[in-house]
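Here is how names work: the chains are called A, B, and so on, in the same order as the sequence lines, proteins then strands, and each is numbered from 1.
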Amino acid sequence: MLDKQYQAKNYESEIYKLWLAHDCFNPDSQINQELRAKSPKIQANKSFSIIMPPPNANDPLHVGHAMFVALEDILIRFARMQGKDTVWIPGTDHAGIETQFVFEKKLKKKGQSRFNFDRETLFQMIWNYVSENSAIAVEQIKKLGASADWSRYKFTLDQDIVKTVLETFIQMNKDGLVYRANRLVNFCPKCGTAFSNLEVDHQEQVTSLYYIKYGPFVLATTRPETKFGDTGLAVHPSDQRYQQYIGQEIEVEGLNGNFKLKVIADEFVDPKFGTGVVKITPYHDFNDFAAWQRHKAELPEPIQIIDFAGRLTQAAGKYAGLKVAAAREQVSKDLEARGLLVKVDTNYQNNLGVCYRCGSPIEPLPLPQFYIKVKGLTQAVLEKLDHKEVKVYGAGHNKILRHWLETLEDWNISRQIVWGIRLPVWYKISENPDALVTFIDKAKQRISGKLGELLKTYSPAEISQGLQNINASVDAQYVISQNNPGDAYLQETDTFDTWFSSSQWPFVTLINNKAGDLERFYPTNTMETAYDILMFWVMRMLMMGVYQTGQVPFKNVYLHGLIRDAKKQKMSKSKGNVTNPMEISEKYGSDALRMALVIRSSAGLDKSVSDGDFKAMRNLCNKLWNASRFILLNTKEHLGEKAKKCPNDQVFQTKMTQLTQEITKNLNAFQIGVAADTLYNEFWHWFCDQSIEESKKDLINSDLLLDGLQVFLKLFHPFMPFVTEAIWQELVKEKLVEEKVLASSTWPT
RNA sequence: GAGCUUGUAGCUCAGUUGGUUAGAGCGCUUCGUUGACAUCGAAGAGGUCAGAGGUUCGAGUCCUCUCAAGCUCACCA
């Protein structure tokens, strides 16, 4: 006999084992083949696939992960029960910068840093660390009830995956889509790597605007410390105040002695800002770099005065070695002492680019990097959007996607970190004597210098083995190849942007899985993920998917919103308002957690949840349980009275059919939150409060009620798989149902 | 500055091509417990659907404007 209350804890892990024992999640299993065989042909001939957004392999899940598991599992279980050839391919992500960042924190605690190790050693250390912890995410996803096919599981650094990713790069290079250029990049000195524009956050700040004397001019700048990198001055071409200076060289008194700057005219200068004069510092400001590109003929070569550690270089004279902030303070003091500082507006507001990862200021720095030409890729996706080959569900995000595709700039894919897929780029040692190389020698010393010089003391093998970093000049010759073209080469030390590999995820997971999976499941049906990675991931998957296969990687994009706390605030560790999905699962059950997240949620909109919501859905599980308990008790006494007609039978049956159709329609239209809400209300207030009560008065036939319960269990199953299966197994025991496992049973009609 | 989204009960949110007395959870009021469930049931209070105009036989739903909130992008050194 069933307990009086449903205790999720006592059932969930057993139920999950039952599903695995029947191989319910594998489309090739016997039970699913049987399911398809008895389903309508129109369904059985369709395939339905979802590629799981791979969570960070070694991180515990947050509530957003629980949201995607809930939504995707609903779609998958629904499709499977409909009889479609259904697969949900799970995976985990190496999460390049995120993971390396965490690992470096651990190193720091031991008094070490990434600079203590050569590249390969560091990679291996992180690999071991991730391997030790990589089961976390997978185990938790299972705990949430995900009906993913674990026999098709992939990790982003699996050998076959890496091979395909590299092949894509090589193909792109052949197609002329890859190039190397020395441009300003968004560099985070703290993280030690460049980022794409997308990974830079902008923060409002109040700062000082310094008015500095430059020969006959006064000009305003927020960054006086960059003045050692000035290679020119600019004014607006039609600015009457400065006409006579255009094209002239002026003499400027500086802190490291006097120097000369040429005055150029360029439209980008706003005459109304400051004094209408701008200093040109091409290597440390994006606008200035662009101006220099336009006026190359008139201006000298730029000077780099900030290095990749965020300190001033030798070119800054006596300020060399100072960090940017300290240099700014010192420079402004010295300017003042010399009478070169005219005034300081200390209440100036502007936006500062900061690292999305660590929050420190992004430093625009010149660095040769590999870029992907995106124009052709984005155009191809826009065409697919025009032809409605992809549909985006999520409050206006389709427009945002379009906007991004229309304005996207070339993609910097080089990252100066170790934890990732290394670029298959090889520099011939003998042809790149000017390449800057850092390596750990046999005596464990960190050695830096030009390759040509280092070769006088060290063997190529020693350099290659201890290699930390190679920074080849922008015009360096290189070979792109999966394998080492020979002993005389050094491999590029940069790794791919994590998104370069994950943008290929739908394709690489299928091509490297069971034979025929690509043809069988591509294009996938739905990509379901949070809207905040629309442009990082979804947009790039579309670009790469169309590039690789000519087809969109998925037909539908369902974007869920962020989960917020009861007060609508974003969850964050510092606020202490984070909902840990595993705690909720322990306390109320995974079904309750899933249902609370999903019910009345809508695509693209945020949702706030609190303890009360989870409790309410725990109560729903119990309601299902107890309604079943009543019917089980009742059925025994009244079985076989099916012939007996009761007054409300017809109404009951009609409503049951209508409800089934409604839920089916909702789910087909991705109206998941509405479907859940409807089910909740109809089950609780109509089926329990009304129909069960009526059956007690013999107004509804008991067998009909049992049929109704079965339908409800099926309709509820995608949402709350554990409790519905637990009840179903009781029905199996009582020989009241034929289908052995609810997870692989047929969807009602 | 540009774009997008949102504004419905005390709180958090549903309400899918416009169609009868606008819904749920939590909270609140009153009542109810000899077995399906107190993780419950019955009854109830509470909304001029942000505001104004328009289209329509009919608008929470469509259009225009205003106000408010949020997000994203771009920014003047």
Response to the item:
Once base and sugar-phosphate atoms are separated, protein heavy atoms under 4.0 Å mark nucleotides 61-68 of chain B, 5' to 3', with B, S and - as --------
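Taking the six-membered ring for Trp and thresholds of 30 and 60 degrees, A:Trp292 and A:Tyr283 have ring planes more than 60 degrees apart, a perpendicular arrangement. The aromatic rings of A:Tyr393 and A:Phe670 sit tilted, their planes meeting at an angle between 30° and 60°.
Nucleotide B:C40 is matched to B:G32 when pairs are restricted to Watson-Crick or G-U wobble geometry with both distances under 3.5 angstrom.
Contact between the side-chain N/O atoms of A:His202 and the OP1/OP2 oxygens of B:A74 is found at a separation under 4.0 Å. Taking side-chain N and O atoms only, A:Arg618 has no distance below 4.0 Å to OP1 or OP2 of B:U39. Contact annotation: A:Asn626 does not reach the phosphate of B:C40 (side-chain N/O to OP1 or OP2, under 4.0 Å). A:Tyr588 has no side-chain polar atom (N or O) that falls below the 4.0 Å cut-off from OP1 or OP2 of B:U39. Note on A:Ser610: every side-chain N or O is 4.0 Å or more away from OP1 and OP2 of B:C11.
Side-chain atoms of A:Lys607 and base atoms of B:C13 include no donor and acceptor less than 3.5 Å apart. One donor-acceptor pair, N or O on each side, does fall under 3.5 Å between the base of B:A36 and the side chain of A:Glu693.
Using a 4.0 Å heavy-atom distance criterion, A:Tyr680 is classed as a sugar-phosphate-only contact. Using a 4.0 Å heavy-atom distance criterion, A:Asp288 is classed as making no nucleic acid contact. Counting any heavy atom pair closer than 4.0 Å across all strands shown, A:Tyr393 reaches no nucleic acid atom. Using a 4.0 Å heavy-atom cutoff across all strands shown, A:Lys696 reaches at least one base atom of the nucleic acid. At a threshold of 4.0 angstrom between heavy atoms, the contacts of A:Lys399 are confined to the sugar-phosphate backbone, with no base atom among them. Among the atoms of the strands shown, only primed sugar atoms or phosphate atoms (P, OP1, OP2) are found under 4.0 Å from some heavy atom of A:Asn350. Within the nucleic acid shown, A:Trp625 has no heavy atom closer than 4.0 Å to any nucleic acid atom.
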Discussion item. Go through it in stages, so that I can follow the logic: the residues are A:Phe687 and A:Phe712, the test is ring-ring contact (aromatic ring centres under 6.0 Å, His included), and I'd like the CA-CA distance, side-chain angles, deciding distance and then a yes or no.
Written reply: CA-CA 9 Å; A:Phe687 188 77; A:Phe712 265 112; 5.1 Å; yes
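Summarising the geometry, the separation between CZ on A:Arg600 and C1' on B:C11 is reported as 13 Å, rounded to the nearest angstrom. The CZ-P distance, from A:Phe670 to B:U16, rounds to 18 Å in whole Å. Whole-Å rounding puts the A:Phe536 CZ to B:C73 P distance at 8 Å.
Using a cut-off of 4.0 Å between Lys/Arg side-chain N and Asp/Glu carboxylate O, A:Arg402 and A:Glu406 are scored as salt-bridged. A salt bridge does not link A:Glu694 to A:Lys697: none of the charged side-chain nitrogens sits closer than 4.0 Å to a carboxylate oxygen.
Straight-line distance between the C1' atoms of B:G70 and B:C26: roughly 24 Å, to the nearest whole Å.
Note that A:Lys623 lies outside the cation-pi zone of A:Tyr6, set by a 6.0 Å cut-off to the ring centre and a 45° limit from the axis.
Not less than 6.0 angstrom separates the ring centroid of A:Trp625 from the ring centroid of A:Phe630.
To the nearest 0.5 Å, atom CD1 of residue A:Ile700 and atom CD of residue A:Glu693 are 10.5 Å apart.
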